[in-house]
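In what follows, a structure is listed as C-alpha cells, so that the remarks can point back to it.
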Amino acid sequence: MDEIKDLQKGITEILVAIGKIETEIKQLSSMSGKLEQTEKMAIEALQSTKAAHKRLDDMSKQIEALEKKIEEDKKGGKDDKKWLVGTALALVAIILNFLKGGGTH
C-alpha cells in the first residue's frame, strides 16, 4: 500500500509542477505580447521624433533665412536713412542759399 501512496504522491507532485510550468508559460506569453506592444510604441515614438526633428530643422532654416533678410533690410534701412538725411540737409542748404539771395544772379 505504501508504494501506491508514494506513487500517488509522486504523481501529485508532478501534476503540481506541470501546473506551475503552465502558469509560467502563460505569464511568459503575456509578457511577450506586452513586449511586442512596447516595441511597436517605441517604433512609433521614434518615427514621430524623427518627423518632429525634420520639421524643426526646416523651421530653423526658415528662421535663419528670415534673420538674414531682416539684417539685410536693417542695413538697407540705414542706407535709406542716410540718403534721406543727406537729401534733407542738401534741401535745407539750397533753401538757405536761396533765402540769402544766392539764387539770384
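Side chains are part of it too, since the values below use all heavy atoms of this structure and drop only hydrogens, waters and symmetry mates.
- Separating the CD1 atom in I21 from the CG atom in L28 is a distance of 11.5 Å, to the nearest 0.5 Å.
- Here R55 contributes atom CZ and M59 contributes atom CE; the two are 9.0 Å apart, rounded to the nearest 0.5 Å.
- In this structure, CD1 on I70 lies 7.0 Å from CD on E67, to the nearest 0.5 angstrom.
- Separating the CG atom in L91 from the CD1 atom in I94 is a distance of 6.0 Å, to the nearest 0.5 Å.
- Within the 3.5 Å criterion, the main-chain N or O of G19 finds a donor-acceptor partner in the side chain of T23.
- To the nearest 0.5 Å, atom CD of residue Q37 and atom NZ of residue K40 are 8.5 Å apart.
- With respect to K54 and D58, a salt bridge is recorded, a charged nitrogen being found less than 4.0 Å from a carboxylate O.
- Listed by chain and number, the hydrophobic cluster partners of L89 are V85, where partners are ILVMFWY side chains within reach of under 4.5 Å, directly or through others.
- Within the 3.5 Å criterion, the main-chain N or O of K34 finds a donor-acceptor partner in the side chain of T38.
- Taken from CG in L15 to CD in E13, the straight-line distance is 10.5 Å, to the nearest 0.5 Å.
- For the pair T12 (side chain) and Q8 (backbone), a donor-acceptor distance under 3.5 Å is present.
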Worked check of side-chain contact (heavy atoms from CB on, under 4.5 Å) between K20 and V16 = CA-CA 6 Å; K20 287 180 181 180; V16 169; 4.0 Å; yes
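- Side chains of L7 and E3 form no contact here, defined as non-hydrogen atoms less than 4.5 Å apart.
- The shortest distance between side-chain heavy atoms of L35 and M31 does not fall below 4.5 Å.
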